[in-house]
Amino acid sequence: MSNQTNKNYELKVQEIHDLKILINEARTYITDETWLTKITQAYEFAKQKHGKQLRANGDPYIYHPLTTAYFLAQYKMGPTTIIAGLLHDIFEDTPVQEQEIIDRFGQEVNMLVRAVTKVSYFAKENREQLKATYLRRLYLSMAQDIRVMIIKICDRLHNMFTIGNLPLDKQQVIAQETLDTYATIAHRIGMNSAKSWLEDMSFKVLDPGSYAKVAELIAQDRKTRDVEIKKIIIDLNYFLTKEKQITVVRIFGREKTVYSIYRKMTMFGKTFDEINDLLAVRIIAQNVDDCYKILGFIHQKYLPIPGRFKDYIATPKNNLYQSLHTTVANKNGLLFEVQIRTDEMDEYAEFGAAAHWRYKANDEVSVADKQKEIDDKLDIFRRIISLNNEEQNQELEKELKEDIFTSTIYVLTPNGQMITLPYGSTVLDFAFRIHSEVGEHAIGARINGVFLPLNTVLHSGEMVEIKTSPTQTPNHNWLKIVKTSNAKNRIKKYLAQSLVNESETLTKKEEREQMIARSKTAISAFLNANDLKGKRWSEKETIELLRKDGFQTLDDVYWEVANNRLKIEAVVNKYLVNPEFNKDNVILDQLSKTQAWAPEINNDLIVDGISNMQVEIANCCLPIPFEPVVGYVTKGKGIKVHLPYCVNVSDKETKPRLVNVHWNRAQIGNKSYVTKIKFSANDRPNLLYDITRMLSSLKAAIISASASTNEKTYLSTGVIKLKINNSDQLNQIISSMKIIPGLLTVDRVVTREEENLTSRKDANND
């Protein structure tokens, strides 16, 4: 969609198999044939050493380093970097030693290859476990020479381009890593073309459904958009060059990527139709002055949309990006974005740090000087090294993501220096970025001339002047104010040092309190580790025990422990834990506090031939659904329902009063019913506790329990009253209880034998 094609900074992501394509690309900017010969020699060397190695799709392995080098050539990287790209897998996949690389291609190539090499400890099967170690090495190598990361990004571009040859699970791991790490870094160092490719290719693997949906939406109106953009370009070109007599280097359209559209839709809750910058025109001007002139002319011709103008020339992004952005509407109401920049800005916008390293013949600037020069612009490498040098920094990857590879704002110091900070940073973050001492004594700041407090959130373009006081020092509340890891670490370091200083001047009383606290913590940990916390004496009982030995308080005992005059285990056993503790005592105490149960009149049972009659479940045998039952007609108390074999309804005298009764299945549902079981067992500690735990696991609610032990035979017997749903659950309970260690018998109670009933009449309430 360009009206001029003399320059194109879009990256062509394609696989090449022929060295000639690489050489032809390199020849567009490398004129020294000696260097082109060395690139050819490096290719032949790599091809020989990789030999018959194949990629996952069966292609010769050499296609991978060759394509990586081709991408580097598109970025106009120097011959040394291209050679390193051709050799970047040589150490990992072949027996070649460093000295051979040094002898053939020089120390600089060797350094780059060594830094890029993934090495054996980052084996693919250990990817997640060793990710942090690998990334630390990668980030630090990048901070020493950014070409390492440029090679890695080109390497990853080809890996993602051919990722379809791998199993799906490996594709997803690599795609997520690419999106989280490599696309993020590419964005931070300004390599936007690479970033866009990596994002789209990763997105397609991780969420193919959403990718296809957004891609289809883009494709639906692409022809219409192309026509509109061409009309706008023709109109703009005539307007600027003919009417306004301003030279334009080129004008072209660009289409937003699939992932960037998806991200806008999900982050801001927009529909596809609500995204206004699908249509975009880029105007390349001769110089900065012309950029602003063109902006003014465009605002004359089209209606500018309020709040949609951004000046990234005056305040560049922290990834070298510079451009003017404005969104306008034509007379038909069509919205489109216009980006205005110089040719150099356009190259930096697409290639970023790679553009800074582009090859220049006879360039004698050292690697260190180039690295320093780009660090002054990118403002990340010294911070990476600073984070790594901090003591016991175990979260380098997390801090890099939060402080460096994240959305940023740009604020100015009074002398015009630009400082980049993560989005959401406060005055206090800014103060610590200036210097640790400035941060430690900061009391607020003048922002655009207005004094504001430390917790004020900063915004891009603000002028910030920190105000300090010699009496101000950090406190723990500051940790809630700051956003950046750098500021948090500085505050924590100050507070830790302050604590050390305070401890040096503690009185003997304070020292004693600290030692007692440590002993108390150690004893508590011992109780927890040995499951003794629930077996402690009450506080009153403990005090009585320790006073027998001359101690007044528990602190006196803790002090003896702190001075190694008493052992923790001895203190626990003597003063804190009840050796006779039995979990059964707790269970029985809890059950003794439960409310008594009484039978309820209900309509869960249907009496044949009788209506409007009170019906109760007999308390002697306690039948449950869906056992056979009979009804006994009492005198004035309705009908009592028994089990047929209950002793209270099994003789001749009761038969005249018996009626047919059956369970009302429609009414019962998930109701609970009371029954009783009896057990006998060899006595042992925690027997009742084990029984109640088993019943709880079977969803049986305990109403009451009683148990006794014969001191001569050590035989325990007991009765438990339960709430359950039906006879199936009861059978399950009896079967399950039989496996409890020490239990001898488990049976259903069908008479009130535990209450020593003497007459059937009493049982039936006659």
- prompt: Just by modelled atom types, is the R565 backbone N or O under 3.5 Å from a matching donor or acceptor in the N563 side chain?
  reply: no
Closest approach of D200 to Y211 (non-hydrogen atoms, all atoms of both residues): O-CE1, 3.6 Å
message: Using a 3.5 Å distance criterion without hydrogens, assess whether the side chain of D429 forms a donor-acceptor pair with backbone atoms of T484.
response: yes
- prompt: With a 4.5 Å heavy-atom cut-off, do V659 and V661 have their side chains touching?
  reply: yes
- prompt: Side chain of T266, backbone of R263: donor and acceptor closer than 3.5 Å?
  reply: yes
message: Would the distance check show the side chain of D556 and the main-chain N or O of T553 forming a donor-acceptor pair, the cut-off being under 3.5 Å?
response: yes
query: For the atom pair NZ (K574) and OG1 (T542), what is the distance rounded to the nearest 0.5 Å?
result: 13.5 Å
task: Would you confirm whether S519, through its side chain, and A562, through its main-chain N or O, come within 3.5 Å as a donor-acceptor pair?
output: yes
query: So does E569 have more than 12 non-hydrogen atoms from other groups sitting under 6.0 Å from CD?
result: no
- request: Could you walk me through whether I163 and M201 pass the side-chain contact (heavy atoms from CB on, under 4.5 Å) test, one step at a time?
  value: CA-CA 9 Å; I163 198 170; M201 290 189 289; over 6 Å; no
- request: Check for a donor-acceptor pair, side chain of S735 on one end and backbone N or O of N731 on the other, with a separation under 3.5 Å.
  value: yes
message: I want to check something: taking the side chain as every heavy atom from C-beta on, are F679 and I740 in contact at a cut-off of under 4.5 Å?
response: no
message: Is any side-chain heavy atom of Y632 closer than 4.5 Å to one of N648?
response: no
Nearest atoms (heavy-atom pairs only) where L206 meets Q172: CD2-O, 3.5 Å
- prompt: Do M160 and I174 come within less than 4.5 Å of each other through their side chains, counting heavy atoms only?
  reply: yes
message: Is it the case that the side chains of S716 and T709 hold a donor-acceptor pair, with the cut-off being a distance below 3.5 Å and no angle test?
response: yes
message: If you define the side chain from C-beta out and look only at heavy atoms, does anything of F272 sit under 4.5 Å from I218?
response: yes
message: Nearest 0.5 Å, please: how far is NZ in K738 from OG1 in T745?
response: 9.0 Å
task: Taking all heavy atoms of I568 and all of A522, pick out the closest pair and write down the distance.
output: CD1-CB, 3.8 Å
query: Can you name the nearest heavy-atom pair linking I677 to V749, along with the distance?
result: C-CG2, 3.8 Å
query: For the atom pair OG (S672) and CG (N726), what is the distance rounded to the nearest 0.5 Å?
result: 10.0 Å
task: Specify the closest pair of heavy atoms between V746 and I734, including all atoms of both residues, with the distance to one decimal.
output: O-CG2, 3.8 Å
Closest non-hydrogen atom pair, I491 against N475: CG2-O, 4.2 Å
query: Going through the distances and angles, do I724 and Q732 end up as a side-chain contact (heavy atoms from CB on, under 4.5 Å)?
result: CA-CA 11 Å; I724 58 175; Q732 182 186 15; over 6 Å; no
message: Applying side-chain contact (heavy atoms from CB on, under 4.5 Å) to L722 and I702, what does each step give before you reach the verdict?
response: CA-CA 5 Å; L722 303 170; I702 301 174; 3.9 Å; yes
- prompt: Counting distance only, does the side-chain N/O of N725 pair as donor-acceptor with the main-chain N or O of K671 below 3.5 Å?
  reply: yes
- prompt: Within the side chain of S696, is there an N or O that forms a donor-acceptor pair under 3.5 Å with the backbone of T692?
  reply: no
field: Flag, side chain of E627 to backbone of P623, donor-acceptor distance under 3.5 Å
entry: no
query: Rounded to the nearest 0.5 Å, how far apart are CG of D690 and CE of M737?
result: 10.5 Å
field: Side chain S524, main chain T521, donor-acceptor under 3.5 Å
entry: no
query: From N664 CG over to F626 CZ, what is the distance, rounded to the nearest 0.5 angstrom?
result: 9.5 Å
query: Do N57 and T162 have side chains that get closer than 4.5 Å, going by heavy atoms?
result: no
task: Please examine the side chains of M694 and I739, heavy atoms only from C-beta on, and report whether any two atoms are closer than 4.5 Å.
output: yes
message: Between S708 and T717, is there a side-chain heavy-atom distance shorter than 4.5 Å?
response: yes
- line: Distance col, row I624:CD1 vs T675:OG1, nearest 0.5 angstrom, shows 5.0 Å
message: side-chain contact (heavy atoms from CB on, under 4.5 Å), that's the test. Do E199 and L179 meet it? Break it down for me.
response: CA-CA 6 Å; E199 285 179 342; L179 194 61; 4.0 Å; yes
